[in-house]
Amino acid sequence: MSLNGLNFYSYLSKIRILKTYSSKIMLVAFLGTHVPLITLLLFFVISTVQDIQTALKILGIALAATLAGTAATLLALHKLLTPVVLTSKSLNRYLSEREIPNLPTVFRDEAGSLMADTVTTVRKLDELIHYMANYDGLSGLPNRDLFLERLSNSLHELSMREEILSFPILSLEATHLKHIRSNFGVHMGDLYLRSLVQKLETMLGPETVLARTGDGEFSFFPLPSSSQILETDSEIWAVKIQNIVSSPLNVVDQQISSEIQIGISVFPYDGKSSDQLLWKSETALNQAKLSGTSKIQTYSSEWKERMKEKYLLEKDLKLAISKNQLFIQYQPRIEVQTGKKISAEALLRWDHPEYGVISPTIFIPIAEESGIIGEMGEWVLSKSMEDLGNWKKKGLPPIRISVNLSAKQLEDKNIAKKVLDILEKNQLSVEDLELEITESSLITNIQSALEILGELHSWGISLALDDFGTGYSSLSYLSKLPLKTLKVDQSFVRKILTDPNSLAISKTIVALGKSLGLRITAEGVETEAQMRKIKDLGCDEAQGYFLSKPILLEELENFVQT
C-alpha cells in the first residue's frame, strides 16, 4: 500500500478530539452505521406515518435499538484493536525503558503477525544494540566497557569469599601493527588481528575473559571459577603466551608476525577496582615498551612518574633536531688480524638542555613509538656523511662509516635515492658507507625490506646485519639478504669466556657467516682475553670498549692517526 493511503488517516488526525487510533475507528464506525440508518428511518416515518406521536415513538424505539447495536459493535471493535494498542505501548516502553515486548505470537492473521514480528524485530534490534555497545566489530571480542563490567563482576564474586585469592590482569599488544598495515595494507592488518585473536582464544580457553581494549591491544584475566592463576605464576603464564603468540601467523599465504609485549597487574595488590587494575596493567605494558629490552613487565608505581617524564621527553625530542641538540659519536672498528682501523659506527646522542646527555636506550624507543625515528635516522646519515666528506677533504687516512637504518627507513621506497643523493652531495662513493640493519627491523615485512636492501646492494652499498642471534635468526631470510657483514651481538661476546652457551652460539654464528661468504664483526669486546677469543674463532673485525668507547669526530681523527 502506498503512502497515499494515509490521506484519510492524516485528515482524521487533524481533529484534535480524536487523540487515539481507537477514537478514529469508533467515529468512523458510528457515522458509518448511524447516518444511513437514521436517514432511511426518517424518510420512512415521514412518508408513511400520519400521527406525530406514533412517528416519534417509532423513531425512539429505532434509535434505542440502533444505539444498543452500535455500542456492542464499538465494544467489539475496541477489543479487536487491542493488538495494535498493545504493540504501540510495548514499543514506547522499549524506547523509554528498554523493556523487551511481551506479546503473544500464536495468532496467524495480520494483527497476530504485527505482534509476533514486533517481538522478533525488537529482540533482534536489542541484541544488535547490545552487541554494538559491548563488542568489537572486527574481532568479535568484548570491548573495553564490557571487559570492565565482567572484571567488576569477578571482583564482586571474589569479595564474597572468605579467603581473598589473587589473580592477574594482563594487557597484551602487537607492537608492530602499524608497520604491518603500512607494508601489507589495512585489510591485511585486520586479517592479522583476527588470526591473532583466534590463536589467543584457542590458547586461553573459555575460563579466561579476553577483550580488545585498544587497536592492537588485548586484555584478559582468568575467571574466579577457573583453576586459579596466582601472582607467583602470572609471569610464567605471560612468558608462555608471549612465546606462542609471537610466532609468525599465516595470513593469506603471507607469514606475518609482530613483537608481543605484555603488562601485568595483580588483584588485590595493585588495586581492587576494575578501572584501577586495567589502568595499571596497561601502564605496565607501556613500561615494557619503553624499557627497550623487557617483553613482559609487572606494574610498578614509579612508572606513573616515568610515563609523565616520557611524555615530556617525547615533546622535547620532536624539537631536538631543529634546536641542534643531537650529535654523533663514532665507535671505531678494527681488523682483528692486523689491528688496522678500517671503519667507525655512527651513534646518535641527545644533549637535553635540562637533563644533559640522555641514553639512547631511553630516547630511541620514544622516537620509534612517536614515529620520528625515520627523520632522526636521515639526520644521522646526512650528518655522518657530511663529517666523512670533510674528513676526506683534510686528507686523513681512509675510513668507512657505518650507519644504522631504522625499520621506519626500511619502509621508505625512496631510501636508496636519498642515500645516493647524500653521498653525491658530500662527494663520497658507495665504498665509504655501510648500512646496518637489525633483525627486529625486518620481521614486519621481510619482502618489502628485501626489495629495498636489494636496490641498495645493486648500487654497491655494503650491508651489515646487527645484533644477530637475539631475534628470530631465521636462516630463510638470512640466505636471501644481500649482506656483506654479520655482527655477533655483544650479549654473547661479553659472556664468551664464562658461558658455554654464549661460546657455542658465537661459534655457530661465525661458522654460518663464513659459509655464506660474510665478514664477521664481534661487538662489545671489553677485555684482551675476549679479543684473543674472537680472533681464535675467526672473527674479521671487532669493536668495543677494549678498543675504544664511542668518541667525537675530533677524537676519532686522533685515534685513526695514532
Side-chain angles (χ1 to χ4, degrees), residues 174-192 195 246-259 367-368 371-382 384-385 400-424 428-468 470-487 512-513 516-519:
T175 57
H176 290 155
L177 181 60
K178 183 178 179 181
H179 298 306
I180 292 172
R181 284 176 171 159
S182 63
N183 290 323
F184 292 99
V186 175
H187 180 62
M188 285 289 283
D190 290 345
L191 292 179
Y192 167 76
S195 297
S246 293
S247 60
L249 297 174
N250 189 29
V251 183
V252 194
D253 299 326
Q254 290 277 0
Q255 289 290 314
I256 303 178
S257 63
S258 173
E259 183 176 69
E368 289 175 337
I372 61 174
I373 189 65
E375 180 184 357
M376 294 174 68
E378 289 185 20
W379 183 87
V380 173
L381 180 64
S382 179
S384 62
M385 292 301 98
R400 185 176 69 249
I401 296 297
S402 183
V403 179
N404 288 284
L405 208 59
S406 68
K408 190 73 174 176
Q409 289 170 285
L410 276 177
E411 298 172 7
D412 185 356
K413 300 295 184 183
N414 297 316
I415 188 64
K417 183 178 184 304
K418 291 179 180 179
V419 171
L420 294 171
D421 287 347
I422 290 173
L423 291 174
E424 183 180 358
L428 297 171
S429 67
V430 291
E431 289 79 13
D432 294 318
L433 172 66
E434 178 183 68
L435 293 176
E436 292 190 16
I437 56 174
T438 62
E439 289 187 77
S440 59
S441 67
L442 297 172
I443 62 174
T444 54
N445 190 351
I446 180 66
Q447 192 58 45
S448 175
L450 284 173
E451 293 175 4
I452 291 173
L453 295 173
E455 184 179 1
L456 289 167
H457 174 71
S458 69
W459 286 104
I461 296 173
S462 297
L463 300 173
L465 183 60
D466 196 8
D467 301 337
F468 185 73
T470 61
Y472 292 101
S473 304
S474 172
L475 298 182
S476 62
Y477 77 68
L478 185 59
S479 62
K480 298 175 183 176
L481 290 172
L483 299 174
K484 183 177 181 181
T485 303
L486 190 62
K487 300 184 77 174
L512 177 62
L516 295 172
L518 305 178
R519 290 181 64 81

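Bear in mind that the values here come from a model prediction, so they are computed numbers and not experimental data.
When all heavy atoms of Ser258 and Ile180 are compared, the closest pair comes out as CB-CD1, 4.1 Å. Closest of all the heavy-atom pairs between Leu463 and Pro482 is CD1-O, 3.6 Å. Counting all heavy atoms, side chain and backbone alike, Leu177 lies closest to Gly189 at CD1-O, 4.1 Å. Closest non-hydrogen pair, Arg400 versus Asp432, comes out as CG-O, 3.3 Å. Listed here is the closest heavy atom pair of Ser257 and Tyr192: C-OH, 4.2 Å. Contact between Gln409 and Gly377 at its shortest, heavy atoms only, is NE2-C, 3.5 Å.
Between Lys417 and Asp421, at least one side-chain N (NZ, or NE/NH1/NH2) sits under 4.0 Å from a carboxylate O, which counts as a salt bridge. Residues Glu378 and Lys418 are paired through a salt bridge, judged by an N-O separation under 4.0 Å between the basic side chain and the carboxylate.
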Candidate pair Glu451 and Lys413, rule side chain to side chain contact (heavy atoms under 4.5 Å, CB included), full reasoning: CA-CA 9 Å; Glu451 293 175 4; Lys413 300 295 184 183; 4.1 Å; yes
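Considering only residues two or more places apart in sequence or on other chains, Leu518 meets the side chain to side chain contact (heavy atoms under 4.5 Å, CB included) condition with Leu483, Leu486, Leu516.
With Ser382 contributing its side chain and Trp379 its backbone, the two residues share no donor-acceptor pair below 3.5 Å. Using a distance-only test at 3.5 Å, with no hydrogens or angles considered, no donor-acceptor pair links the side chain of Thr485 to the main chain of Ala464. Side-chain atoms of Thr175 come within 3.5 Å of backbone atoms of Glu259 as a donor-acceptor pair (strictly under, hydrogens ignored).
No side-chain donor-acceptor contact under 3.5 Å links Ser462 and Glu434. Side-chain N/O atoms of Ser406 and Glu368 include no donor and acceptor closer than 3.5 Å.
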